[in-house]
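All of these numbers come straight from a predicted model, not from anything done at the bench.
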Amino acid sequence: MITYRRMTLEDVPQVHAIELKTFHTPWSYQSFVDEMTTNKCARYIVAEENGRVVGYAGAWLVFEEGHITNIAVDEACRGRGIGLGVTRALMQYAANMGVAYMTLEVRKSNIVAQRLYQKLGFIELGVRKRYYEDNGEDAYLYVCQTMPEVDPDFREQAGEGSEEA
């Protein structure tokens with residue numbers, strides 16, 4: 001069974017291992033540590049199965065906007081809906097924090113990710129020319145204005161990246 005929860009510093013090694021296997025230009029280990037310890041806008045959700053992180057999604061939440069930074073699923077676990085689930089969980093968390101809309105960039109060649117975002121209500125807003133430094137590929141800019149309903153029982157837990165609630 002997959003569960004979704006807020007990412008902690010203890011998750012960074014597993015998250016970074018997934019990052020390394022997923023992206024052409026992966027974030028550094030230290031970048032994830034910094035997201036957890038110094039970026040007060042950062043919120044990350046992990047998908048966990050049997051005590052192991054199998055996916056994650058992160059965003060920067062600034063007032064009413066959420067910008068998704070990265071989403072990845074362990075290669076062995078892909079095709080099971082984990083990417084959809086962890087992104088939904090992130091969007092719910094963002095909505096609970098007052099976010100009214102979310103944005104992201106996605107490679108023009110990443111059709112799988114584009115389909116996932118479209119399932120969640122994201123629409124293409126434009127193109128960022130030569131956005132990706134590794135190969136100069138263009139990115140689509142997506143936006144979603146149909147956020148989940150706020151959970152009235154939500155209370156953000158204190159921890160890395162959050163203020164005391």
Do the non-hydrogen side-chain atoms of H24 and N135 ever get within less than 4.5 Å of each other? no
Heavy atoms, side chains only, cut-off 4.5 Å: are V33 and L9 in contact? yes
Can you tell me if E64 uses its side chain to pair, donor with acceptor, with the backbone of V99 under 3.5 Å? no
Determine, using the 4.5 Å side-chain heavy-atom cutoff (strictly less than), whether L20 and F32 are members of one ILVMFWY cluster. no
So if you build clusters from Ile, Leu, Val, Met, Phe, Trp, Tyr with side-chain heavy-atom gaps below 4.5 Å, do Y131 and Y140 land together? no
First locate atom CZ of R88, then atom CG of L116, and finally report the distance between them rounded to the nearest 0.5 Å. 8.5 Å
Any sub-3.5 Å donor-acceptor pair from E35's side-chain atoms to A42's backbone N or O? no
Taking everything shown except R130 itself, do over 12 heavy atoms lie less than 6.0 Å from its CZ? no
Nearest-0.5 Å distance, CG of residue N39 to CG of residue L61: 9.5 Å
May I have the step-by-step check of side-chain contact (heavy atoms from CB on, under 4.5 Å) for E65 and H67, ending in yes or no? CA-CA 7 Å; E65 180 186 350; H67 181 75; 4.3 Å; yes
A cation-pi test, strictly: NZ or CZ of R107 under 6.0 Å from the centre of the six-membered ring of Y132 and no more than 45 degrees from its axis. Yes or no? yes
When you compare the side chains of R6 and Y44, does any donor N or O come within less than 3.5 Å of an acceptor on the partner? no
Give a yes or no on whether Q30 atom CD has more than 12 heavy-atom contacts from other residues, nucleotides or ligands under 6.0 Å away. yes
When rounded to the nearest 0.5 angstrom, what distance separates CG in L104 from SG in C144? 9.0 Å
May I have the step-by-step check of side-chain contact (heavy atoms from CB on, under 4.5 Å) for Y56 and I45, ending in yes or no? CA-CA 6 Å; Y56 65 94; I45 302 294; over 6 Å; no
Within a strict 4.5 Å, meaning less than it, do heavy atoms of the L120 and L84 side chains meet? yes
Nearest heavy atoms of V86 and A47, plus distance in Å: CG2-N, 4.0 Å
Over all atoms of both residues, closest heavy-atom pair of E105 and R128: OE2-NE, 2.9 Å
I want to check something: taking the side chain as every heavy atom from C-beta on, are V12 and M7 in contact at a cut-off of under 4.5 Å? yes
Contact check, side chains of Y117 and V106, non-hydrogen atoms, under 4.5 Å: yes
I'd like to know if the side chain of E19 reaches the main chain of S28, judged simply by a donor and an acceptor atom lying under 3.5 Å from each other, with no hydrogens or angles considered. no
Checking side-chain contact (heavy atoms from CB on, under 4.5 Å) against I82, which of V73, T87, I71 comes through? V73
Give a yes-or-no answer on whether the side chains of R43 and T69 include a donor-acceptor pair shorter than 3.5 Å. no
Note: M147 and A95 closest approach over all heavy atoms is CE-N, 3.9 Å
When every non-hydrogen atom of I18 is compared with those of G55, the smallest separation belongs to CD1-N, 3.9 Å
Contact between T3 and E49 at the side-chain level, heavy atoms closer than 4.5 Å - yes or no? no
Return yes if some donor-acceptor pair links the side-chain N/O of N96 with the main-chain N/O of D151 below 3.5 Å, else return no. yes
Run the ring-centre check on F154 versus Y93 and record whether the distance is less than 6.0 Å. yes
Taking the side chain as every heavy atom from C-beta outward, state whether V54 and E48 have any pair of such atoms under 4.5 Å apart. no
Linking Ile, Leu, Val, Met, Phe, Trp and Tyr by side-chain heavy atoms under 4.5 Å, what else ends up with I123? Y101, L125, L141, V143
Between R52 and D11, is there a salt bridge with N-O shorter than 4.0 Å? no
Look at the rings of Y142 and F122 and say which category their plane angle falls in: under 30° parallel, 30 to 60° tilted, over 60° perpendicular. tilted
F23-W60 co-clustered via ILVMFWY side chain contacts under 4.5 Å: yes
Go through the steps for S109 and E137 under the test side-chain hydrogen bond (donor to acceptor under 3.5 Å, both in side chains), then give the verdict. CA-CA 8 Å; S109 63; E137 184 176 359; 2.7 Å; yes
Without swapping roles, check the side chain of T25 against the backbone of D134 for a donor-acceptor pair under 3.5 Å. no
Closest non-hydrogen atoms of Y4 and G81, given as atom of the first, atom of the second and distance, are OH-O, 4.3 Å
Return yes if a side-chain donor-acceptor contact under 3.5 Å exists between N110 and Q114, otherwise no. no
How many angstroms lie between atom CD of E75 and atom NZ of K21, to the nearest 0.5 angstrom? 8.0 Å
